[in-house]
Amino acid sequence: MSKKVLVFVESKDGKLRNVSFEALTVAKQLAGGGEVIAALFGTGATEFVQEVSQYGSNKVYVLEDEVLVTYTTDGYTQALCQVIEDVQAEVILMGHTAIGKDVAPRVAARFGAGLASDCIGADLENGDIVFTRPIYAGKAFQKKVFNQGKVFATLRPNNFELKENPVQAEVVSFQPVIKDLRTIVKEIVRKTTGGVDLSEAKVIISGGRGVKSKDGFQPLQELAEVLGGAVGASRGACDADFCDYALQIGQTGKVVTPDLYIACGISGAIQHLAGMSNSKVIVAINKDPEAPIFQVADYGIVGDLFEVVPLLTEEFKKVLVLS
Amino acid sequence: MLLLLNFLAFLAVTGYAVYLFVQLVYSRYLFVKLGKKVDFEPNLKERINAVLVNVFGQRKLFKDKKSGLMHLVLFYGFFIIQVGLVEIIIKGFIRGYEFPFGGAYKYFSLLQEWTVFLMLCAMVYAFYRRYIEKLKRLQLKRDAKAAFVIIALITLTIAILLTLGFEKVMLGQNPDFSHAPFSGVITAAFSGIGKAAGTALFYLFWWLHLLTVLSFMVFVPQSKQAHELFAMFNIFFKKVGPVGKLRKIDFEDDGVEEFGVGKIENFTRQQLIDLYACAECGRCTNMCPASVTGKTLSPMHLIVKMRDHLTETGASITSRSPWMPSFVSGTSALAPSLTAGLAAQETASTVEMPNLIGDVITEEELWACTTCRNCEDQCPVANEHVDKIIDLRRYLVMTEGSMPNEATRYFQNIERQSNPWGINRKERIKWREERDDINVPTVNEVKEFEYLFWVGSMGSFDKRSQKIVQSFAKIMNTAGISFAILGNEERNSGDTARRMGNEFLFQQLCHDNIANFQAYGVRKIVTIDPHAYNTFKHEYPEFGLEAEVYHHTELIWKWIQEGRIKPVKEVNEAIAYHDSCYLGRYNNIYDIPRQILKSVPGVKILEMERNKENAMCCGAGGGRMWIEETQGKRINVERVEQALDLSPTMIGSNCPYCLTMLTDGTKAKEAEDQVRTRDIAEIVESSLAG
Amino acid sequence: MNILVLVKQTFDTEEKIVIQNGQISEENVEFILNPYDEYAVEEAVKIKEDSGAGITVLTVGPNRSESVLRTALAMGADKGVIVELEEQADEYAIAKIIKAAIKGQEYDLVLGGNMAVDSGSGQVSIRVAEELGIPQVATITKLSLEGSKAIVERDIEGDVEVIEVNLPFLATAQQGLNEPRYPSLPGIMKAKKKPLERFTLEDLELSEDDLATRTTVQDQYLPPKKQAGKVLEGEIGQQVHDLVNLLRSEAKVV
């Protein structure tokens, strides 16, 4: 029951996205000995081949096309469809990223196929692929199976363990035929600060109204740097104009699932919890012992974040240097 | 011959002035009549009483003792000098005429002299307050009309004395210092000028006096002095019943497509009298929590702007000139709001009238009101600002669907989960699980209960307020009271929705709640929320509620007096006690909470400068709790600063909304570690034995 | 200008999820118009107010879904269409049903939410764009129409992409696009009189393959209850020290 699995590998800011490695790992597992094919889009894609082959893809399709440098739905849909046709892929995986969310339903529809989106689990049960995905903002989960046709799935970043499996990959240079782009990207305005992307960060230091000002985020930033994490915020902090909405975590902002989530001065409104409660370990730092955030936290410190966070930074600096 | 000419001239001038006056007043009467007719509830006793207390007793005016005294002199002086005025006019036609009072005439003369003199002093003091002391509330609206009042009345009083003084010179009489002490001085000073000169000066001042009286008469309806005509009617016709009670809207009437007030004519006539009754004294704005913290809302300007708008609109609809004589209206100094009015008048058909909401009153102003009623409490002429604001909000919310985003979310959350946060309604009961030393049954868990404990949305869901209801439950347990809660069947009281203008949502909640009360045979209701208390007690009966309603402080005090609970443990706190608006100004409960605090050993009550009926709002009422406060200073911070001035160790309150605002205020002042904030129930609980 | 808005009725976001016999219980549940769809409706009504438009709102779902059409009509939409569907269907089939329900109608703009808060899959609108053969712009935060084209801003993981696209196209709404209005009472009354078209699957031209779902939900379950957390005690410096140790030794995340 081996299957041909295609993984759309995504790069951002000159780096492959971690979720693509997760997808490759899942692909290897679901292929059941079948072929795992990676597809890399855009000029300069060839340089990633080595990295991709670390995760067990036997074949790497490289689409070094100018048109694919900037994402457009039409361009990527056409290219992806042609690759799928070319490799006769049965299972198609990609990250549940901005691109994945946009292109996967379109391509699945074009093939008249189903799609399991935002999956946090993918397993083989009696030869069938069973996807697990959160519903109702993580308040419940569902297992989804496919009845017929190709299998499409997008994977939520940070939910799959990486397994390296270096192989010698065959590189296929593929020239897609792309025409009639119906949308034109005029401009991309960067709002996120460089560094670690929130949705893929392993560690997130998040600030709420308790940070009191724009400058109040400084100690959080320092802690994030020490831990190699990213800084996020609650809706309250964004509403109060302490930071940009791009950092907002919650039901209406980003949904994140890092290994470690440190909530500083966040009371823990339900809207916020919906965006972070699936984090592996949650630490709450808040002055108010009654704050609901403590109810979801694994560890809590009742205290002033401006006192606790710098101490924490120092403590981590000490132990991380030692190890 | 000269006397005849004088008489004819008098008739002509007076006749013209009276004509103008009647026209002007009649116009305003017609403008007020544009308003909606409402059923007049007689309640004559209450109405006459209001007139006696606030018109003849001038009670509200004495909230500012100095101005009150000044006004008292002018008010009664005005009546007294009317009599003298008639006599003086006759003196112009009959030389040396005196009222035939016989021996009592001397006293009449003395009364007139002193009255005139005191009025002169009052006017000089008025001048001093406005232009030298520069009393803040009198600087809110600076225009020539206010100056004209002072000049005219000073001129009038001086002219009276001069007329009387020169009359004696004309008649060659000696000054009578014992019965004409003030005009006597003039007689004495000018006795040497001869009868002829005396006669000329007598007529000069007689005319000055007459013309001042007449021009002032014509001026009155066109200015803030209209309050002299309208205030009494306003006080008489004002809404009777509980203060601040809002008018019910009948949603059964299918033909209605407009709810609330979007046009000035859609106010009731009684509401429109308010506008002309305003004396622009500024007492309302002076106390308004929104105004003093720098919001655009000023209750006085709200009324004045609507008054001018009514005049303009009325002029346009009735095609009557509201300003006379017309040359007066040309001088913008005397009639600042006139330009638009005239324009509207001349080209009524072509120029669009400004919109009441948007052009005259902004939405921002309307949403700034906390419905605290401090303005209404201050108003000497019994104006009601809050119900007008809510009528305008009703139009915005129900007819236009226009409101701040937070208000939209608030309403949706109430509609969906019956609480302001939209938290799952099945969690309403959870608060009772947090303390295992209290026994709080639901109506389904007990057969009988005396009191239905209305926990309220704050008490049920807000972490901080849960402590209050837990404390009160503990107190009831200790006192051995039989009570029950509705649990997850409790809904929102609807008070906030109503005050935010969503009468429709309020009535839905009201009907549901009353049906629930009836289903469980509720006879007595107790709540920790003054807002729910007020609406249950005064507004729900109109929709069919028959129950006794208590605020928890009322019952705590009763139980202390009955010996059911005994505060024995010392609570060594200096407590700055904050009166909530809905328990205080809406329900006149000031002493009970203080009595309770006094009964707790160790407590020292600190009274804030603004306390009881003058207490400043915490900033939460009227839906403000749920709307971000971005303009000016935060009201709760201002109020907390007032409390901190007393160096308290604790701030006490009787309302969960106030408590939240005050707690946030102490945090903003970084005083939360030194000054704790507690509800009275919590203070009492901490004083109970064991 | 004709606008089609795709909407879905969902649980209120605060509802607790109860599972009975593998099914999500709908007992005592408050239903709402999916919040992202509400942005889409609001945007359509704003376009109507600015430059005039006819707005059709369409939903596929059980009978109770009619309430969200009434909400949309009260907000200012002109016509409602409901395709009654009591049984479960996957995104593939629903897109096919929508295509069949609007057959013969021309729309200049199709709007939908970027996802439904219940299923969270974010597929149906995009699939409809594919079925209709029109371009899509997903997760939009701003929409400006300029004649026959539009300038659209979309949220891509916090950054903003500015896109130019010609009508007709489909856009999915992201939070931040607008603030949906509260329907006025006259609006609610008028909504009761606005046309509402009902279809059952039998009324529509659908092939067997169109209705053959590609995916099936095999199981639904609740997440395991989280262990109670630890609130640390002691002097702050000690607490911080303990926390770092716990994160390294017990939780093993650093």
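Predicted, not measured: the structure shown is a model, and the values here were computed from it. In what follows, chains carry the letters A, B, and so on, assigned in the order in which the sequence lines appear, proteins first and then strands, with residues in each chain numbered from 1.
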Please say whether more than 12 non-hydrogen atoms of neighbouring residues, nucleotides or ligands are located less than 6.0 Å from [atom1] in [X].
{"X": "B:E433", "atom1": "CD", "value": "yes"}
{"X": "C:D50", "atom1": "CG", "value": "yes"}
{"X": "C:E86", "atom1": "CD", "value": "yes"}
{"X": "B:K295", "atom1": "NZ", "value": "yes"}
{"X": "C:E146", "atom1": "CD", "value": "yes"}
{"X": "B:K263", "atom1": "NZ", "value": "no"}
{"X": "C:K48", "atom1": "NZ", "value": "yes"}

statement: Heavy-atom closest pair (B:G401 atom, C:S184 atom, distance to 0.1 Å) is N-CB, 3.7 Å
message: So which atom in B:R416 and which in C:D12 form the shortest heavy-atom distance, rounded to 0.1 Å?
response: CD-OD1, 3.1 Å
query: Do B:R425 and C:E14 touch side chain to side chain, with heavy atoms closer than 4.5 Å?
result: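 No. Closest side-chain heavy atoms not under 4.5 Å.
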Side-chain heavy-atom pair B:T408, C:P180 within 4.5 angstrom cut-off: no
query: Using 4.0 Å as the upper bound for N to carboxylate O, is an ion pair formed by B:E257 and C:K190?
result: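 Salt bridge absent between C:K190 and B:E257.
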- prompt: Which residue out of B:E400, B:Q417, B:Q412 racks up the most heavy-atom pairs below 4.5 Å with chain C?
  reply: B:Q417
task: Check the side chains of B:E415 and C:Y182 for a donor-acceptor pair under 3.5 angstrom, ignoring hydrogens and angles.
output: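 Per modelled atom types, C:Y182 and B:E415 side chains form a pair under 3.5 Å.
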- request: Step by step, work out the salt bridge (charged side-chain N to carboxylate O under 4.0 Å, His left out) result for C:E179 and B:R409.
  value: CA-CA 10 Å; C:E179 282 285 351; B:R409 279 195 284 275; 3.5 Å; yes
message: Does B:F504 form a side chain to side chain contact (heavy atoms under 4.5 Å, CB included) with C:I188? I'd like the steps, not just the answer.
response: CA-CA 12 Å; B:F504 190 74; C:I188 293 168; 5.5 Å; no
query: Is chain C contacted by the side chain of B:N413, its backbone, both, or neither, given a heavy-atom distance below 4.5 Å?
result: neither
- prompt: Which atoms of B:M398 come close to chain C, meaning under 4.5 Å heavy atom to heavy atom: side chain ones, backbone ones, both, or neither?
  reply: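 Both the backbone and the side chain of B:M398 come within 4.5 Å of chain C.
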task: Please lay out, stage by stage, how B:K426 and C:E15 fare under the test salt bridge (charged side-chain N to carboxylate O under 4.0 Å, His left out).
output: CA-CA 9 Å; B:K426 290 163 202 153; C:E15 290 297 334; 3.7 Å; yes
query: If you round to the nearest 0.5 Å, how far is CG of C:L185 from CD of B:E258?
result: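 Here the rounded value is 12.0 Å.
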